[in-house]
Every structure is written in C-alpha cells, then in structure tokens.
Number of protein chains: 2
Amino acid sequence: MNNGRFPISMHILTLLASADGELLSSDYIAGSININPVLVRKEISNLRNHGLIESKEGKNGGATLAKPAEKIQLSEVFHAVQQASLLGNSKNEPNPDCPVGKQIKQRLDHLYLEIESALLHKLEKMSLADFLRQFQQ
Amino acid sequence: MNNGRFPISMHILTLLASADGELLSSDYIAGSININPVLVRKEISNLRNHGLIESKEGKNGGATLAKPAEKIQLSEVFHAVQQASLLGNSKNEPNPDCPVGKQIKQRLDHLYLEIESALLHKLEKMSLADFLRQFQQ
DNA sequence: TGTACTGTAATAAAAGGAATTACAGAATGA
DNA sequence: TCATTCTGTAATTCCTTTTATTACAGTACA
C-alpha cells in the first residue's frame, strides 16, 4: 500500500461519522484533508462501490455514511483501498532457472496471506465508531 | 511499504541461506532476482548494516549470512527495509482548523502502531529457516 | 599485477501518484 | 424554467519515487 488512499479514506469516513448524517461536499472534505476535491470524489466513489458511503448528486448534494459508524469495521476500509500487497512485490519476473527464483513468488504470496490475515483480524475488531471516539472534542 | 525492497531482501536472504556459507556475488544474485546488480549491492549494504549479512570485497568476494538462518527472524528483515508506515500517509498537512483534521494524524499514527505490532508479532515467530523450508527441492 | 569482485555516487529512465482542467449531468429552489 | 451548486468522470500535466545504468575507486586474490 504505497499511497495515501487508506489515510484519505479514513479521514473522509471520520468526517462523515462526525457529521452525523449531514451531507458533506467534496470541497469541504478536501479542505479538511488538504487535497484536491477530485481525488476526494474518486475515493468517495470507491467507498460507495464498497457499500460504506452514499452520495447524492446536484445542489446541496454530498456524501454520508451508508450505515452507522458502529457497523463499519476498519477491515472494510482496508479492503476498499487495498490494491497491492502489504509488503510489496518485486516488479520483475525472477529467474525460472534458479531453484529459489522459480518458487519465491509463490512462497512470498503465501507469507503475505498469513501476514494479512493477522492484520485483518486486528482491523475487524475496530469500528469507525471506535476510531472516532478517540478524538477529543 | 511502496517498493520492492522487502521481497528483494527476502530473495537475497533465501539465496544466501540455501548457499550454505558459500559466498554469492551480487551479479549472481541479481540474475536470480532479475534486477540490476547495483540495487542488490545496496540492499546487501542495508542488510549488512542491520547485522543480517556479511560481505567480502575483492576477487572471489560476495555475501553470506551473518548468522544461521534459524536465528534470523522475518521481523528483522521487516525492520531492515521499513521506511514508511504500512498503510501509507497522506502527503499534505490536514487543516488544523478542522477538529478532525487537527487530530487525524495522531490518531492514525496510534492505529498504525497497533497494527504494526500485530504484524511484527507474527513475523517474530517466523525464521528465515522456516521460510526456506517451504521450498521444494 | 591483472582480474574479479564490492561499495558508492551520480545520473537517467520509467513508473506511479496527485493535481489540475474540463465538462456533462443531476438536484434544487427561486 | 433556468441559474446555481453540486457530483461523476475522463484526460492531461506535474511531481515524486523507484529502478536502471554508468562510472570508478578500492580491495582481495592468485
């Protein structure tokens, strides 16, 4: 996970959770995160596709949570933004004539599965509501 | 962890573990990983700084493990290559005038610490020898 | 003393991420 | 109805990060 998508999604969701049902515009959200509104809309689009957010077009439109913050697990956020494996992959194909090179990808994939399952197990136990609760008034 | 450093380091260490004390050159290693030898030497330099590898200059030089594969925990490899946080950071400073923006960094840092400790706990239980054992002859 | 290595710096090329521009389409409400 | 204010999305440019390459000094060996 090379980029800032997880923190950005967390920021969006935290804002929505604290807005308590009120629709927030991408411009407003972008102002809090300090990034471009188009990037916010892209992330919202992604989170919507994963069932975490609902949004409304047109005047007075914006985004809101699709379900209560208590029911949003951080593992869902992780799943929504994850694209690459956690610990990275070598870009090139290893040498198939080398006994190690031949198998390393498969072995690393297996290792990554184990690691990710440990991580997911942890994230499943945390809800967006838990996360929001840590914020001081 | 955006890049391929973890898999590359794992590949290097696996080759050295399977070489059983014999010195391997950066060219040979690069040929197995299929990357540039200079990048291999850089990773070796890093792994050496972390006490996982020893290397010898000059003719017939190369690298070898600094200790038995049984004593190399995968958490050590992780520490050696980790530079950024696991789930990424937003590049820009969030808006300090927003109650969420003001605190989000700190809250995410805290979350990341929890997550990483779960991951490290898992990696501590795995040795390089364990990893190598999975390779079929 | 030539050869085969490492170590490292500097630079270039490639890839990926983020910002920006642009604009169509939807909802609102005056 | 129609200007306004939003979303959704594509296309492009800009910037940063990764990776590859080039170059060369230094080391060890035989």
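Any value given below was found using the heavy atoms of this structure, including those in side chains, with hydrogens, waters and symmetry copies removed. Every chain is numbered from 1 and lettered A, B, ... according to where its sequence line falls, protein lines coming before strand lines.
Rounding to whole angstrom units, NZ of residue B:Lys91 and P of D:dT17 are separated by 7 Å. Here C:dA19 presents its P atom at 13 Å from CZ of A:Arg41, a figure rounded to the nearest Å. Between the CG atom of B:Leu39 and the C1' atom of C:dA12 there is a distance of 15 Å, rounded to whole Å. Atom CG of B:Asp27 is separated from atom C1' of C:dT3 by 14 Å (rounded to the nearest Å). The distance between atom CG of B:Asn36 and atom P of D:dT18, rounded to the nearest whole Å, is 17 Å. Rounded to whole Å, the distance from CD1 on B:Ile44 to P on C:dC5 is 13 Å. Atom C1' of nucleotide D:dT7 and atom CD1 of A:Ile29 are separated by 12 Å, given to the nearest angstrom. Rounded to an integer number of Å, the gap from CG of B:Leu47 to P of C:dG7 is 12 Å.
Using modelled atom types and a 3.5 Å distance limit, the side chains of A:Glu43 and A:Ser9 yield a donor-acceptor pair. For A:Gln82 and A:Glu116, the side-chain atoms include at least one donor-acceptor pair closer than 3.5 Å. In summary, the side chains of B:His11 and A:Ser90 do not present any donor paired with an acceptor at a separation below 3.5 Å, with no hydrogens or angles considered.
Ring geometry for A:Phe6 versus B:Tyr112: interplanar angle of 30 to 60°, hence tilted.
OP1 or OP2 of D:dT9 sits under 4.0 Å from a side-chain N or O of A:Ser45. For A:Arg48, a side-chain nitrogen or oxygen approaches OP1 or OP2 of D:dG8 to under 4.0 Å.
Of the candidates C:dT28, C:dT6, D:dT9, the closest approach to any side-chain atom of B:Ser55 belongs to C:dT6. Checked against D:dA20, C:dG17, C:dC5, the side chain of B:Ile35 finds its nearest nucleotide in D:dA20. Considering only the side chain of B:Lys42, C:dA10 comes nearest among C:dA10, C:dT28, D:dA28. For B:Asn92, whose side chain is taken as the heavy atoms from C-beta onward, the closest listed nucleotide among C:dA19, D:dT7, C:dT6 is C:dA19. Taking only side-chain atoms of B:Val38, from C-beta outward, the nucleotide of D:dA10, C:dG7, C:dT8 with the closest atom is C:dT8. Residue A:Asn3 places its side chain closer to C:dA18 than to any other of C:dA19, C:dA18, C:dT8.
The residue among B:Ser90 and B:Glu57 whose nearest nucleotide of DNA chain C is located toward the 5' end is B:Glu57. Two residues, A:Asn34 and B:Lys59, neighbour DNA chain C, and the one matched to the more 5' nucleotide by heavy-atom proximity is B:Lys59.
Within the 4.0 angstrom heavy-atom criterion, only backbone atoms of the sugar-phosphate kind lie near A:Asn60; the bases stay farther away.
Atom NZ in A:Lys42 sits 12.5 Å away from atom OG in A:Ser26 (nearest 0.5 Å).
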